Participant: 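Take a look at the following structure, please.
Just the heavy atoms: all of them, side chains too, but no hydrogens, waters or symmetry mates, feed the values below. Here the structure is a predicted model, which means the values were calculated and not measured.
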Amino acid sequence: MSDRKDMELIAEMVPPGSRVLDLGCGNGELLALLRDTRQCSGYGIEIADDNVLACTRRGVNVIQLNLEEGLAIFEDQSFDVVLQLDTMQHLRHTERMLRETARVGRLGIVSFPNFAHWPNRLRIVTGRMPVTKTLPYEWYDTPNIRVGTYTDFEVLARKDGLRVLDAFGIQNGRAVRRWPNLRASVAVFKFERG
């Protein structure tokens, strides 16, 4: 999450005063925003050295940890909200981490590139993999291990017994609630254990 408007839309989903865990928190910008505008506290989880340093410089609590190892260091329901923004598509064990998000937090919020966005579909029809602002890499050098769609996540949430509380897409810094699988480049879901 690097677009400020996108971050603000997601920040609005976090109840004020929440204790937050941000998985793959990057440079800590969202956690700092939540701290400064919604009086939230908590931790970021990040693996990259430069991002850990950036979090520290922002005054954001950060733990350097590889998410592929899971969240065993945290007890059940130890956070009000667990964020997994622009992270799922980079993980080998996506479903396990989704279950861990629901275990550790009372609420989970995820976002990821929506591969079913209409420009991506059009690019595939022409025989090429999509390269967009949200999916900026060629097929041969992408850090994305997984590609998913808004509708795919709805199916996975049902399969894993998660109750979706809110869902929308994001396009150009605006929430898309009508036909988000087709019209939005980013999918966003807020959920709890069912």
Side-chain angles (χ1 to χ4, degrees), residues 1-113 133-137 140-148 153 156 160 162 170 186-193:
M1 280 270 111
S2 60
D3 185 282
R4 180 72 178 202
K5 290 180 181 178
D6 292 4
M7 279 194 288
E8 289 171 357
L9 283 171
I10 290 171
E12 290 173 8
M13 300 175 80
V14 177
S18 292
R19 185 164 154 78
V20 177
L21 180 65
D22 188 352
L23 307 178
C25 68
N27 64 15
E29 187 177 2
L30 179 58
L31 278 171
L33 176 69
L34 290 170
R35 176 194 64 211
D36 298 344
T37 64
R38 300 188 73 79
Q39 296 70 51
C40 294
S41 62
Y43 294 90
I45 303 291
E46 182 55 52
I47 193 167
D49 292 338
D50 55 338
N51 283 336
V52 170
L53 181 58
C55 286
T56 302
R57 288 184 176 150
R58 283 184 197 276
V60 169
N61 298 320
V62 63
I63 300 168
Q64 192 165 26
L65 180 71
N66 183 347
L67 290 175
E68 296 290 0
E69 297 170 7
L71 300 176
I73 64 172
F74 299 108
E75 294 185 20
D76 293 3
Q77 306 291 290
S78 52
F79 291 88
D80 298 313
V81 179
V82 176
L83 302 171
Q84 198 179 146
L85 309 178
D86 200 28
T87 302
M88 287 185 3
Q89 72 275 14
H90 302 291
L91 298 173
R92 293 194 186 286
H93 305 287
T94 303
E95 188 175 12
R96 183 180 79 192
M97 186 53 60
L98 183 61
R99 281 192 232 111
E100 282 286 273
T101 296
R103 178 188 68 78
V104 171
R106 289 175 184 81
L107 296 174
I109 300 174
V110 298
S111 73
F112 54 92
K133 181 181 173 190
T134 307
L135 296 166
Y137 302 96
Y140 52 82
D141 70 351
T142 183
N144 296 321
I145 297 170
R146 312 260 182 256
V147 293
F153 188 86
L156 179 60
D160 283 354
L162 303 176
I170 298 177
V186 175
V188 180
F189 289 84
K190 180 178 183 177
F191 60 89
E192 64 184 6
R193 285 199 281 193

Participant: Supply the atom-to-atom distance I45 CD1 to F74 CZ, rounded to the nearest 0.5 angstrom.
Facilitator: 4.0 Å
Participant: I need the full list of salt bridge (charged side-chain N to carboxylate O under 4.0 Å, His left out) pairs touching residues 53-72, with sequence neighbours left out, sorted by first then second residue.
Facilitator: none
Participant: Can you give me the closest heavy-atom contact between V60 and G28, atom names plus distance?
Facilitator: CG2-O, 3.6 Å
Participant: Any side-chain heavy-atom pair from T87 and L67 closer than 4.5 angstrom?
Facilitator: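 T87 vs L67: side chains touch.
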Participant: State, with a plain yes or no, whether a side-chain heavy atom of C25 is found less than 4.5 Å away from one of C55.
Facilitator: yes
Participant: Is there a side chain to side chain donor-acceptor pair (under 3.5 Å) between Q89 and D86? Walk through the geometry before answering.
Facilitator: CA-CA 7 Å; Q89 72 275 14; D86 200 28; 2.5 Å; yes
Participant: Around atom OH of Y43, are there more than 12 heavy atoms from other residues, nucleotides or ligands closer than 6.0 Å?
Facilitator: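 It does not: Y43 OH has 12 such atoms or fewer within range.
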Participant: So, taking the atom named CZ in F79 and the one named CG in L21, what distance separates them when rounded to the nearest 0.5 Å?
Facilitator: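 The distance works out to 4.5 Å.
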Participant: Closer than 3.5 angstrom, by distance alone: can the side chain of Q84 be matched with the main-chain N or O of L23 as a donor-acceptor pair?
Facilitator: no
Participant: Would you check if the side chain of D160 reaches a backbone N or O of L162 as a donor-acceptor pair within less than 3.5 Å?
Facilitator: no
Participant: So which atom in M13 and which in K190 form the shortest heavy-atom distance, rounded to 0.1 Å?
Facilitator: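 Shortest heavy-atom contact: O-NZ, 2.8 Å.
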Participant: Heavy-atom distance under 4.5 Å between the side chains of L85 and F112, does that happen here?
Facilitator: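 L85 does not reach F112 side chain to side chain.
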Participant: For the CG atom of L9 and the CD1 atom of I170, what is their distance to the nearest 0.5 Å?
Facilitator: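 One gets 5.0 Å once the value is rounded to the nearest 0.5 Å.
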Participant: So do the side chains of V82 and I109 get within less than 4.5 Å of each other, counting heavy atoms only?
Facilitator: no
Participant: How long is the span from the CG atom in L34 to the CG atom in D22, to the nearest 0.5 Å?
Facilitator: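 That separation rounds to 8.0 Å.
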Participant: Keeping S18 on the side-chain end and V14 on the backbone end, is there a donor-acceptor pair under 3.5 Å?
Facilitator: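 Judged by distance alone, no pair lies under 3.5 Å.
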Participant: Could you check whether K5 pairs with E8 (Lys NZ or Arg NE/NH1/NH2 to Asp/Glu carboxylate O, under 4.0 Å)?
Facilitator: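 The answer is no: the pair does not qualify as a salt bridge.
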Participant: When you compare the side chain of L33 with that of L31, does any pair of heavy atoms fall below 4.5 Å?
Facilitator: no
Participant: Is any side-chain heavy atom of L65 closer than 4.5 Å to a side-chain heavy atom of I47?
Facilitator: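 Side-chain contact under 4.5 Å: no.
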Participant: Side chain of T142, backbone of N144: donor and acceptor closer than 3.5 Å?
Facilitator: yes
Participant: Would you give the length of the straight line joining atom CZ of R146 to atom NE2 of H93, rounded to the nearest 0.5 angstrom?
Facilitator: 8.5 Å
Participant: Is there a side-chain contact between D76 and V104, using heavy atoms and a 4.5 Å cut-off?
Facilitator: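 Side-chain contact under 4.5 Å: no.
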Participant: Apply side-chain hydrogen bond (donor to acceptor under 3.5 Å, both in side chains) to D80 and list each qualifying residue two or more places apart in sequence or on a separate chain.
Facilitator: R106
Participant: Report the C-alpha separation of E95 and L156 in whole Å, then their side-chain angles, then the decisive distance to 0.1 Å, and conclude whether the side chain to side chain contact (heavy atoms under 4.5 Å, CB included) test is met.
Facilitator: CA-CA 8 Å; E95 188 175 12; L156 179 60; 3.7 Å; yes
Participant: Side chains of R193 and R99, heavy atoms from C-beta outward: is any pair under 4.5 Å?
Facilitator: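 With C-beta onward as the side chain, the pair stays apart.
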Participant: Between atom CZ of R103 and atom CE of M97, what is the distance when rounded to the nearest 0.5 Å?
Facilitator: 9.5 Å
Participant: Do Q64 and D49 meet the criterion of a side-chain donor-acceptor pair at a distance under 3.5 Å?
Facilitator: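 Note: Q64 and D49 side chains meet the donor-acceptor criterion.
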Participant: Whether the side chain of H90 engages the backbone of P143 through a donor-acceptor N/O pair (distance < 3.5 Å, no angle test) should be reported.
Facilitator: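 Yes: the side chain of H90 pairs with the backbone of P143.
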